[in-house]
Amino acid sequence: MFMAISVAVPKDLSGIKTKVAMNLTKRQIICFGSAAAVGIPFYHVTKGVLGTQASALIMVALMLPFFFLAMYEKDGFPAEKILYYMLRQKILTPGIRPYKSENLYKKLEEREKLKKEVRYLEEKAAGSFAGQA
């Protein structure tokens, strides 16, 4: 008689983002608004000088980075965080840092070799002085 209404609930809720308006997140609204704030005035200022087609193409080129920042996400990281990590890895930090360890065994061998050499020289010197006396 009564029908149950079922709603699928995802098991992992960490990927769900809060939508603010028009099914967009706050981040997307800010990025799209920034794109509009840059692109639309540029178009209106340059359409008389460059023509509408060239002005529109340049406007789209100016707005694309904002769209990229709004929409791109990989492994839960937004675009600017990924770009920062790439910049830090390639430019801000030094390149290859090889691991160099101290070989203590080799140092002990060298020390023992020097001791043997000193002993040999002392014995040789003591033997030559004994022959002179």
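Please read these numbers as outputs of a predicted model, since none were measured by experiment.
Residues Met86 and Phe68 share a hydrophobic cluster, clusters being chains of Ile/Leu/Val/Met/Phe/Trp/Tyr side chains in contact below 4.5 Å. Under the 4.5 Å side-chain heavy-atom criterion for grouping Ile, Leu, Val, Met, Phe, Trp and Tyr, Val38 is not connected to Val45 through any hydrophobic cluster. Put simply, Tyr43 and Ile40 are part of two different groups of oily side chains (I, L, V, M, F, W, Y) that touch within less than 4.5 Å, one to the next. There is a path of hydrophobic side-chain contacts, each under 4.5 Å, that joins Leu64 to Ile29. Transitive grouping of hydrophobic side chains (ILVMFWY, heavy atoms separated by less than 4.5 Å) keeps Phe42 and Leu57 in distinct clusters.
For the atom pair Met59 CE and Lys47 NZ, the distance stands at 11.0 Å (nearest 0.5 Å). In this structure, the separation between CD on Glu123 and CG on Leu121 is 9.5 Å, given to the nearest 0.5 Å. Put simply, CG on Leu108 and NZ on Lys106 are 12.5 Å apart, with the number rounded to the nearest 0.5 Å. Here the CD-CD distance, from Glu112 to Glu109, works out to 9.5 Å after rounding to the nearest 0.5 Å. The NZ atom of Lys81 lies 13.5 Å from the CG atom of Leu69; values are rounded to the nearest 0.5 Å.
By the 4.5 Å heavy-atom criterion applied to side chains, Gln28 and Thr25 are counted as neighbours. Looking at Leu114 and Glu110, their side chains never come closer than 4.5 Å, going by heavy atoms from C-beta outward. At least one side-chain heavy atom of Met63 sits under 4.5 Å from a side-chain heavy atom of Phe67. Phe32 places none of its side-chain heavy atoms less than 4.5 Å from the side chain of Phe66. You'll find the side chain of Leu50 reaches within 4.5 Å of the side chain of Ile58, heavy atoms only.
Panel note: side chain Arg27, backbone Met71; no donor-acceptor pair is recorded below 3.5 Å. Under the 3.5 Å distance criterion, the side-chain polar atoms of Asn103 are matched with a main-chain donor or acceptor of Tyr105. In terms of modelled atom types and a separation under 3.5 Å, the side chain of Thr93 and the main chain of Arg88 share a donor-acceptor contact.
Summarising the geometry of Cys31 relative to Ala70, their closest heavy-atom pair is CB-CB, 3.4 Å, with the distance given to 0.1 Å.
Judged by distance alone, the side chains of Tyr85 and Gln89 never bring a donor and an acceptor atom under 3.5 Å apart.
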